[in-house]
Novice: 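Sharing a structure, written as structure tokens. Questions coming.
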There are 2 protein chains.
Amino acid sequence: MAIVRKVKPVERFSVTRERILDTAIGLFSTKGYSGATTREIAQQAGVAEVTLFRHFTSKEKLLEAVISHYSAIPGLKSFLPKALEMPYEEALVGMADMFLDTLVQIKDWIRVMHAEVQRSPDKFIAIYHSFLDELLEIFASYFRELQKRGVLRNFDPDLGARVFHSMFYCFFNMEELLGRKKYRPTDRTKAVREFVSLFIRGTLATQG
Amino acid sequence: MAIVRKVKPVERFSVTRERILDTAIGLFSTKGYSGATTREIAQQAGVAEVTLFRHFTSKEKLLEAVISHYSAIPGLKSFLPKALEMPYEEALVGMADMFLDTLVQIKDWIRVMHAEVQRSPDKFIAIYHSFLDELLEIFASYFRELQKRGVLRNFDPDLGARVFHSMFYCFFNMEELLGRKKYRPTDRTKAVREFVSLFIRGTLATQG
DNA sequence: TATCAATGTAAGTAAGTACTTACACATTAA
DNA sequence: TTAATGTGTAAGTACTTACTTACATTGATA
């Protein structure tokens, strides 16, 4: 609290705001919307509870602010042109790694969205799935281009994108969100390589 | 309430218990543990709130009862021997369909577990992942057998099982849990066929 | 007929919740 | 010096929550 006062007053407002948002997303993601209390958020953020309400007026609006503040678009899009100039397998490994890193970064946001979509679907389904569409389109456009070049066979690129997405999202979901890495962790590098290999070559023996 | 009284008194106790459990899992899954209230659960179940506490003593114990009551093991295991006598592609489609049906059946249980693993990991991580291990082992043992027979090439069967699992779990997760089917539904039959095809043949063009 | 088990009704407790109001304090800009 | 801004402290409101207690009611059974 005293800490905040030492900051330039112009920045003070936004610093306080960010501190509250940072604490809020953490508590919302672990305790759920109802389970997280405004008192605890304020305490952990090191501000008075009334300050929280002065910034966000209500708990519900704080949640909305949290969701829109952390829905950063992944830097995956910028990787696409590079990927097109790499060998297929190498590109897939790179995309997978980048994708997993992104997911870990927005872990809490995903957790919150997952819970909120159940609680008030009308409010959050569109937000979440437009985010997802953007992501899937990155993968799909990559596959479409490689199909044009004749590198890939003629599968549905949108469903292909979903398979690629599934493998790594599910890995992230298990290890990070469902705590498998605390239970029986899986070697990420090994998994990525094997997943990519399966995605490229499939499972069948007698080919080529 | 009057309805319950017409039931044989021997059965009455378990009927009431089940009604409460049925309502509880629905409310826990949509509103979260803190968001669901014992009053609402009792009202929706058509019993007095005090009856709920006479059956389960506390809200926390009700949650535990809910989780253990609905963690039914899927009938997938019994499909395995049949699958081994079917053509590979047909078997995979069958397993996928069965898996998706199972997931839809235990949808609420999965939702609750997903939330509770965040809230109190120590209590629920082991439960969830031992359930998952059992599931993955079914897939893995199938792949292992087909590798022995020389039908499949030599990939890691455990990671192969995770890829197979991922494709369909993620489909379920998106469509059912995250409400994509209300936003832009995907044709399940088509998706299953394409996913299986990709899993068998991979994405690469120049093979065979 | 009397007993017992499962339920209901009703009232209440103690604690917590989101949110408000009123006032004081410090820092900066006019 | 004064005014404005962002914050803290403190008290309080109206409501909800999980859970309890005491007593009445029902239906089957012994």
Side-chain angles (χ1 to χ4, degrees), chain A residues 1-25 27-28 30-66 112 115-116 119-120 123, chain B residues 1-25 27-28 30-66 112 115-116 119-120 123:
Chain A
M1 8 199 123
I3 303 159
V4 180
R5 284 205 185 120
K6 283 173 188 166
V7 182
K8 272 189 183 175
V10 190
E11 296 167 12
R12 201 167 54 180
F13 183 86
S14 56
V15 166
T16 302
R17 190 186 151 88
E18 208 115 343
R19 286 168 66 105
I20 296 170
L21 287 169
D22 276 1
T23 315
I25 195 169
L27 285 172
F28 281 145
T30 54
K31 300 196 160 188
Y33 176 75
S34 315
T37 70
T38 52
R39 181 190 303 173
E40 195 180 0
I41 294 168
Q43 272 179 356
Q44 243 181 69
V47 301
E49 197 180 354
V50 73
T51 302
L52 184 155
F53 285 103
R54 283 196 272 241
H55 274 262
F56 300 99
T57 67
S58 76
K59 192 187 177 184
E60 191 73 32
K61 295 208 169 177
L62 170 58
L63 174 71
E64 290 166 22
V66 160
V112 172
E116 290 315 308
R119 208 177 55 98
S120 29
K123 210 169 172 181
Chain B
M1 7 202 125
I3 303 160
V4 179
R5 287 209 184 116
K6 282 174 187 165
V7 182
K8 271 188 185 175
V10 190
E11 296 168 12
R12 202 167 54 177
F13 183 85
S14 55
V15 166
T16 302
R17 191 186 150 87
E18 208 115 344
R19 285 168 65 104
I20 295 170
L21 286 169
D22 276 359
T23 316
I25 195 169
L27 284 172
F28 281 144
T30 54
K31 300 195 160 189
Y33 175 75
S34 314
T37 70
T38 52
R39 181 190 302 171
E40 196 180 359
I41 294 168
Q43 273 179 356
Q44 243 181 69
V47 300
E49 197 181 355
V50 73
T51 301
L52 184 155
F53 284 103
R54 282 197 272 243
H55 274 262
F56 301 99
T57 68
S58 77
K59 191 186 177 184
E60 191 72 32
K61 295 209 168 177
L62 170 59
L63 174 71
E64 290 167 22
V66 160
V112 172
E116 290 314 308
R119 208 176 56 98
S120 27
K123 210 170 174 181

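Worth knowing before you read on, the calculation uses all heavy atoms, side chains too, and leaves out hydrogens, waters and symmetry mates. Throughout, protein chains are lettered first and strands after them, A, B, ... in sequence-line order, and every chain is numbered starting at 1.
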Novice: Toward the 5' end of DNA chain C, which comes first, A/Val50 or A/Thr37, by nearest nucleotide?
Specialist: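 Of the two residues, A/Thr37 wins.
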Novice: Counting distance only, does the side-chain N/O of A/Ser58 pair as donor-acceptor with the main-chain N or O of A/Lys61 below 3.5 Å?
Specialist: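 Indeed, once roles are kept as given, a pair shorter than 3.5 Å links the two residues.
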Novice: Starting at CZ of B/Phe13 and ending at P of C/dT7, how long is that distance when rounded to a whole Å?
Specialist: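 Atom CZ in B/Phe13 sits about 6 Å away from atom P in C/dT7.
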Novice: Between C/dT17 atom P and A/Glu60 atom CD, what is the distance in whole Å?
Specialist: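 The answer, rounded to whole Å, is 17 Å.
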Novice: Counting distance only, does the side-chain N/O of B/Lys59 pair as donor-acceptor with the main-chain N or O of B/Ala36 below 3.5 Å?
Specialist: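 Checking the backbone N and O of B/Ala36 against the side chain of B/Lys59, a donor-acceptor pair under 3.5 Å is found.
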Novice: Rounded to whole angstroms, how far apart are CD1 on A/Ile20 and P on C/dC19?
Specialist: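 A/Ile20 atom CD1 is separated from C/dC19 atom P by 14 Å.
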Novice: Expressed as a whole number of angstroms, how long is the span from B/Lys31:NZ to D/dT16:C1'?
Specialist: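 Going from NZ in B/Lys31 over to C1' in D/dT16 covers 13 Å.
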Novice: When you measure from the side chain of A/Ala48, which nucleotide among D/dG8, D/dC19, D/dT20 comes out closest?
Specialist: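 So the side chain of A/Ala48 is nearest to D/dG8.
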Novice: Respond yes when some side-chain nitrogen or oxygen of A/Thr51 is under 4.0 Å from OP1 or OP2 of D/dG8, and no when none is.
Specialist: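 Result: yes.
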Novice: How many Å lie between CZ on A/Phe56 and C1' on D/dG6, as a whole number?
Specialist: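 Interatomic distance, CZ of A/Phe56 to C1' of D/dG6: 14 Å.
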Novice: Determine: side-chain N/O of A/His55 to OP1/OP2 of D/dG6, distance under 4.0 Å, yes or no.
Specialist: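 For D/dG6, neither OP1 nor OP2 has a side-chain N or O of A/His55 closer than 4.0 Å.
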Novice: Identify the residue among B/Glu116, B/Arg119, B/Glu60 that makes a side chain to side chain donor-acceptor pair (under 3.5 Å) with B/Tyr33.
Specialist: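 Exactly one pass, corresponding to B/Glu60.
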Novice: Rounding to an integer number of Å, can you tell me how far B/Arg19 CZ sits from C/dG8 C1'?
Specialist: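 Whole-Å distance recorded here is 14 Å.
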Novice: State which of D/dG6, C/dA6, C/dT21 makes the closest approach to the side chain of A/Arg12.
Specialist: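 Output: D/dG6.
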Novice: Please confirm whether the backbone N or O of A/Phe53 pairs with a side-chain atom of A/Thr57, one donor and one acceptor, at under 3.5 Å?
Specialist: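 Checking the backbone N and O of A/Phe53 against the side chain of A/Thr57, no donor-acceptor pair under 3.5 Å is found.
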Novice: Using whole Å, report how far CD of A/Glu49 lies from P of D/dG8.
Specialist: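 A/Glu49 atom CD is separated from D/dG8 atom P by 12 Å.
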Novice: Tell me the interatomic distance from A/Ile41, atom CD1, to C/dA18, atom P, rounded to whole angstroms.
Specialist: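 Rounded to whole Å, this separation is 8 Å.
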Novice: Between B/Ser58 and D/dA18, does any side-chain N or O lie under 4.0 Å from OP1 or OP2?
Specialist: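 So the side-chain polar atoms of B/Ser58 never come under 4.0 Å of the phosphate oxygens OP1 or OP2 of D/dA18.
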Novice: When you measure from the side chain of A/Lys59, which nucleotide among D/dC19, C/dC19, C/dG8 comes out closest?
Specialist: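 When the side chain of A/Lys59 is considered, C/dC19 is the closest of D/dC19, C/dC19, C/dG8.
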Novice: Does any N or O donor sit under 3.5 Å from an N or O acceptor when you compare the side chain of B/Arg54 with the base of C/dG8?
Specialist: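 Under the 3.5 Å cut-off, the side chain and the base do form a donor-acceptor pair.
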Novice: Side chain of A/Phe53 only, please: which of D/dT7, C/dT20, D/dT17 is the nearest?
Specialist: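 Nearest to the side-chain atoms of A/Phe53, counting from C-beta on, is C/dT20.
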Novice: Base, sugar-phosphate alone, or nothing: which one does A/Ala36 contact when heavy atoms must sit under 4.0 Å apart?
Specialist: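 Sugar-phosphate: the residue A/Ala36, judged by heavy atoms under 4.0 Å, touches backbone atoms but no base.
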Novice: Decide yes or no on side chain to side chain donor-acceptor pair (under 3.5 Å) for A/Thr23 and A/Gln44, but give the supporting numbers first.
Specialist: CA-CA 7 Å; A/Thr23 315; A/Gln44 243 181 69; 5.5 Å; no
Novice: Does C/dT17 have OP1 or OP2 sitting under 4.0 Å from an N or O in the side chain of A/Arg39?
Specialist: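 The answer is yes; a side-chain N or O of A/Arg39 sits under 4.0 Å from OP1 or OP2.
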Novice: When you measure from the side-chain N and O atoms of B/Thr38 to the phosphate of D/dT17, is any distance below 4.0 Å, counting only OP1 and OP2?
Specialist: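 Checking B/Thr38 against D/dT17: no side-chain N or O falls below 4.0 Å of OP1 or OP2.
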